[in-house]
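First the proteins, then the strands, lettered A, B, ... as listed; each starts at 1.
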Amino acid sequence: MTAADTLLSVKGLTKHFTLHGDIYSKLAGEKTQLLKAVDGIDFHIRRGETLGLVGESGCGKSTTARLVTRLIEPTAGQVTLKNQNLLAFSRKRLKEARKEVQLVFQDPYSSLNPRKTIMHILSRPMEIHGLARSWAEKREKVLELLRRVGLGIEHIDRYPHEFSGGQRQRIAIARALSVDPELVIGDEPVSALDVSIQAQILNLFRELQQELGLTYLFIAHDLSVIRHISDRVAVMYVGKIVETGPAAALFERPLHPYTKALLAAVPEADPAKPPPRLTLQGEVSTPIDPPPGCRLCGRCPRESNVCAEITPPLVDVGDGRQVACHNL
Amino acid sequence: MTEIQADKLAELAVRRPAIGGRMARWRMALGNAWHELRKSRTASIGAVMLVLLFGACIATPWITSYDPIKQNYRERLQPPSEKHLLGTDRMGRDIYTRLLYGGRRLVAIALLAVTFGLSLGIPYGVLSGYFGGKVDTVAMRFIDGLLAFPGLLFYLLVVTLAREWKIEGLANDAVLVFALGFAFMPEVARLSRGSVLAEKQKEYVEASRAVGDSSLAIALRQILPNIISPLIVNATVRLGYVILIIAALSFLGLGTPPPTPDWGSDLAAARDYMETAPLIAAFPGLAICYTVLAFNLFGDGLRDILDPRLAER
Amino acid sequence: MLAYIIRRVAYLVPVLLVLSIVVFTFVEMLPGNIIDTLVGTEGNNDPEVRKILEKEYGLDQPVYVRYAKWLTRAVQGDFGNSLVTRRPVAVELMAGIPATVYLAVVGISLSMLIAVPLGTIAAVRRNTAIDYTAQVTSLIGISIPEFWFAILCVLFFSLYLGWLPSSGFANPFVDPWASLKFLILPAAAVGFRQAAYTTRLTRSSMLDEMNKEYVDTARSVGLSEGKVIFKYTLRNAMIPTITISGLQLANLLGGTVVLESIFAWPGIGRAIFEAILQRDYPLVQAGVLVLGVIVVVMNLLIDLTYRLLNPRVKFA
Amino acid sequence: MAETVPNTVLALDDLTVRFHLRRGDLTAVDGVSFAIERGQTFGLVGESGSGKSVTAKAIMRLIPDPPGEIPRGRILFEGSNILDKSNAEMRGLRGRHIAMVFQEPMSALNPVFTVCDQISDALRTNLGLSKAEARERVVELLSLVGIPSPHKRLDSYVHEFSGGMRQRVMLAMALSCNPGFLIADEPTTALDVTIQATILELITGMIERLGMSLLFITHNLGVVAHACDRVGVMYASHIVELGDKKEIFAHPQHPYTVGLLHSIPRLDGQAKYLTPISGSVCNMMEPPAGCKFHPRCAHAMDVCRREIPKLKEIAPGHLAACHLHDRGAA
């Protein structure tokens with residue numbers, strides 16, 4: 001892999017939220033707590049590939065999406081976009097970066113402004129980035145976008161409430177495409193949709209990637225969706241990446257106990273497959289003031305003494321796979 | 001792409017709403033508004049009452065020929081008759097005429113005051129809510145301070161000041177507009193801030209930021225249109241409240257001094273004749289009631305229409 | 001919890017500051033000054049006397065110094081003397097507070113007693129005659145000017161029927177029967193309007209709550225409809241109702257100016273109103289400040305009650 | 001249609017639920033019939049808006065009237081029609097014989113009462129326990145559903161529990177009065193996959209242990225595949241296919257079921273492109289004439305646009321409502 005192949009890389013990316021940090025809490029003697037939403041993660045995405053980021057709710061996947069787009073500012077770490085340090089970007093350069101990286105959100109109902117027509121929603125980004133000058137030019141581009149995402153052109157002057165969830169998600173995708181981005185980040189873009197619609201949208205993502213050579217960071221909690229769409233996968237647990245690797249290998253032979261547990265818990269739509277079960281103990285650990293050591297401590301079937309003290313680093317295990325576990 | 005589609009595409013690409021088109025759109029919007037209004041009986045009744053009220057206010061000089069101020073001692077305290085629809089007061093002035101002129105003034109003051117309050121409060125609340133952080137904290141503490149003024153007292157202070165400075169006539173009305181609007185401002189600011197905070201959570205705001213829209217543009221062009229409905233409802237109901245306040249102030253003798261026609265002070269003046277001519281006190285009271293009720297009904301109905309949670313009840 | 005209370009109390013500081021500045025500015029903005037009043041009344045316009053008086057009243061100092069001094073004294077309860085009675089303003093004000101509290105508390109309690117059951121029934125029997133009656137009555141209640149309603153009450157019950165005195169006050173501890181007779185009309189006038197608000201509020205929050213899933217859950221385990229409505233649902237619906245009623249009580253404590261003056265009720269509202277008419281501005285200034293403080297403190301208490309009633313809200 | 005043989009706990013016969021809304025009438029459930037055998041778990045599966053939750057509420061008689069109405073059909077529970085029962089009889093049935101677990105325990109449990117208050121209220125009303133007895137029983141129930149140190153969590157409020165624990169509380173409440181029949185309305189949908197697995201295990205374990213029958217409502221075919229014995233597939237207010245779980249997964253007969261199964265991405269990563277069902281669910285306010293699925297169906301024929309297909313037995317115990325099979329049968 002050469003550096004030129006890498007579109008986005010993230011090193012030690014960290015976001016801590018402070019709880020009870022203000023003066024009143026201090027006056028009342030409350031302890032300041034740190035919510036370590038994202039705690040030093042590394043990953044990279046190569047041009048043209050899809051990296052799937054999977055984990056349970058609250059593990060920091062969505063925060064990661066917002067950090068790499070600088071919708072929120074990280075506490076520490078580096079984000080490199082096309083070999084440039086995204087965090088050091090000037091206002092102007094950041095605006096350009098907004099054109100290069102686009103987001104598709106989870107909730108198709110709240111991600112479109114209900115008071116704006118589809119024409120406005122899709123042409124506004126072009127306006128901001130000066131991609132289309134005249135009204136007619138914008139109009140033509142918007143119609144082209146609608147066609148591209150499989151919507152009828154007669155939809156252009158309608159409002160979002162006239163569309164179904166799946167159609168809205170198509171509009172949201174069209175908006176992301178309106179600025180010709182290189183990287184599209186999908187933050188659970190199909191989890192609010194019904195199965196039959198979800199399949200349509202997944203196919204659309206695939207088609208667009210092939211047509212436009214897009215790069216995806218695809219975030220989801222549904223493992224089958226991740227398996228389906230991703231080339232490589234990163235598994236997150238409470239602010240940390242515990243395992244990454246090519247999708248096929250990772251799903252066939254998971255190495256980290258958490259990945260194994262996740263896979264075992266999925267109920268597959270096939271009565272012949274083994275029933276879902278949980279191979280871990282207890283419930284998801286808290287990201288608030290987590291103890292040192294591995295985040296899975298206390299739940300893991302393969303725990304040893306060292307786990308409670310030292311956070312396992314993400315180490316290469318060959319075949320492009322990395323795992324953060326002391327007891328492989 | 002089929003040929004028909006290509007045609008349609010070309011047509012859509014070229015067709016731009018012309019002026020006539022825009023007019024049509026307005027007409028459609030108006031039609032839709034009426035259609036929506038019909039969904040709520042409360043709102044329709046309120047709307048009809050308001051149309052009558054505004055109509056009477058606008059048409060005042062044409063629907064009465066009396067002078068509201070000129071006294072006529074030969075016709076004091078007359079009961080309702082063909083000549084004087086609602087009778088005359090203790091100065092022999094036609095009550096119907098005084099009600100019309102008083103209402104005109106009252107409604108105008110209320111409308112201006114509420115508009116003033118909205119124009120102060122909306123930007124204040126929207127910006128405070130959108131930018132958040134320390135600015136927001138300070139701004140909201142200031143609002144809390146203003147909200148700490150109990151009931152009528154703030155108006156009493158302002159009206160007193162106006163009296164001491166001998167501000168009279170139109171200037172006095174302007175002071176009233178200012179005071180009432182300023183007192184409405186904290187509520188508007190709070191409400192719009194609350195809506196902005198709720199709206200800010202929605203992903204379309206994040207989406208706007210993600211495509212590189214500027215903060216001010218997001219706050220004003222994206223968020224503002226979405227928070228208007230509760231504000232309209234609030235302002236409508238507030239109009240009724242403002243009218244009650246103005247009436248109460250003039251009832252207390254702190255409004256515009258006589259002989260200016262004024263429902264509140266006319267009512268106060270009629271108190272002395274309550275036993276002999278109770279109708280004189282009844283009419284201004286009924287007029288206030290009608291006006292406030294109209295605004296309340298309309299506001300209530302509007303809330304039902306605009307609040308999707310109530311839509312299916 | 002503690003942190004929350006500390007936070008809320010700390011928030012009071014800027015609020016009270018705004019309040020005090022506005023109240024102070026009010027007197028500052030009056031044309032002329034206290035010397036004019038003093039000198040003017042005595043027909044003496046000697047510049048020397050003015051100078052001495054100015055010094056005595058500290059008017060030669062810059063405005064912020066005077067504000068600081070005034071505030072320091074006000075915090076200690078010293079608001080100066082009334083220009084009319086020459087007695088300390090604090091004494092004059094304290095005399096009015098009990099009557100105001102008496103009226104406000106009785107009025108609010110009366111309204112809650114009527115409005116909560118009425119609002120609940122209206123919500124449960126939605127779109128029936130009871131509901132429409134309750135809705136129309138409460139709409140009229142919030143639309144009718146309270147002074148007009150009061151006058152109508154006086155007209156009917158005092159002048160026409162002669163059952164009740166038209167105005168006045170008696171100490172309930174001295175003559176409870178007379179006091180009650182004096183109380184009925186003003187309390188009804190306060191109560192009617194409040195009841196109108198509270199009925200609407202109870203109805204709409206009951207409707208909100210009745211749509212929630214926990215109501216179905218309660219039914220699905222076989223609880224009786226009465227229990228579902230009056231225990232499970234009403235308890236939730238009462239949270240906003242009690243909160244708003246508290247706010248209204250706070251407002252009534254300072255806002256019954258009109259009713260107090262119609263019924264010659266010797267409360268603080270009437271005291272301030274009369275002070276305005278008599279141009280007794282130290283009393284006005286202090287009165288508004290005191291009422292503002294009462295409102296602010298009441299709001300704090302209501303907020304804390306709300307948080308106690310509602311286990312969902314964390315003290316953060 | 002549904003025979004009330006003694007072994008049948010619940011039988012729905014031509015159940016129809018309609019809502020009269022401001023915008024017009026909406027038939028949420030249209031002629032639904034199925035039966036649940038004693039000790040069996042019946043899975044009702046369908047996408048959002050298909051009418052599965054309304055069916056559940058109808059069984060519990062929780063459809064608000066107005067705007068809801070049940071113009072047709074019977075719900076036979078233990079042989080007698082629930083819809084004919086008086087309110088008092090219904091109260092006796094609820095909790096003690098039929099109970100329900102809702103999707104969102106956070107909104108389905110009362111926020112201002114402690115967990116103990118809510119569960120013991122049910123116990124005291126239905127079983128006439130004293131306050132102390134009820135409290136003891138609540139501890140038992142909470143430990144039964146796997147809440148650690150239940151005597152400590154007794155006086156907590158719902159919001160103080162985590163998502164998975166909340167659903168356990170919900171289950172404890174439903175099981176509190178030993179009902180023989182449980183309705184679970186999307187009990188795992190709001191949960192993460194690992195928690196979903198534990199709750200699923202808990203529910204199926206409980207059902208088996210207590211010998212209960214279960215109506216399991218879900219949109220997740222994976223859950224159905226592992227938790228249910230018999231399955232009914234709902235689409236736009238109709239049951240379109242009904243049969244044993246293995247039959248349905250191995251030989252789906254209705255084009256909708258087939259499409260659904262082909263829409264699910266697989267964990268083993270086969271199929272680069274999914275074959276989704278085209279279009280989107282019809283507007284239930286203005287449903288198409290004939291088969292509700294025909295606008296999305298690849299096999300739609302003329303008759304599909306005119307006539308609503310009836311459920312027909314295709315193989316023993318396997319029914320589908322599709323005109324394609326008319327031809328086969330003819």
CH2 on Trp148(C) to CG on Leu244(B), rounded to 0.5 Å: 12.0 Å
Heavy-atom contact with chain C under 4.5 Å, split by part of Leu254(B): side chain
Check whether Ile142(C) gets within reach of chain B through its side chain, its backbone, both or neither, counting any heavy atom under 4.5 Å. both
Please flag which part of Tyr281(C) lies under 4.5 Å from any non-hydrogen atom of chain B: side chain, backbone, both or neither. side chain
Between atom CG of Leu153(B) and atom CZ of Phe26(C), what is the distance when rounded to the nearest 0.5 Å? 10.5 Å
Shortest non-hydrogen contact from Gly145(B) toward Val15(C): CA-CG1, 3.6 Å
Which bit of Val18(C) comes within less than 4.5 Å of chain B, counting heavy atoms only: side chain, backbone, both or neither? side chain
With chain B, which of Val288(C), Ile276(C), Leu19(C) has the greatest number of heavy-atom pairs at distances under 4.5 Å? Ile276(C)
A side-chain contact here means heavy atoms from C-beta on lying under 4.5 Å apart; do Gln135(C) and Thr42(B) qualify? no
Does any part of the side chain of Val257(C), heavy atoms only, come nearer than 4.5 Å to the side chain of Tyr155(B), both counted from C-beta? no
To the closest 0.5 Å, what do you measure between CD (Glu28(C)) and CG (Leu161(B))? 11.5 Å
Spacing of Leu252(B) atom CG and Ile262(C) atom CD1 [to the nearest 0.5 Å]: 8.0 Å
Interface check, chain C: of Leu297(B), Asp300(B), Leu146(B), Asp144(B), most non-hydrogen pairs under 4.5 Å belong to Asp300(B)
Heavy atoms only, distances under 4.5 angstrom: which of Asn299(C), Val296(C), Ile151(C) has the most pairs with chain B? Name it, please. Ile151(C)
Which one of Ile288(B), Ile143(B), Val159(B), Leu157(B) has the most heavy-atom pairs closer than 4.5 Å to chain C? Leu157(B)
Contact origin within Leu139(C) toward chain B - heavy atom pairs under 4.5 Å: both
Under 4.5 Å from any heavy atom of chain B - which part of Leu277(C): both
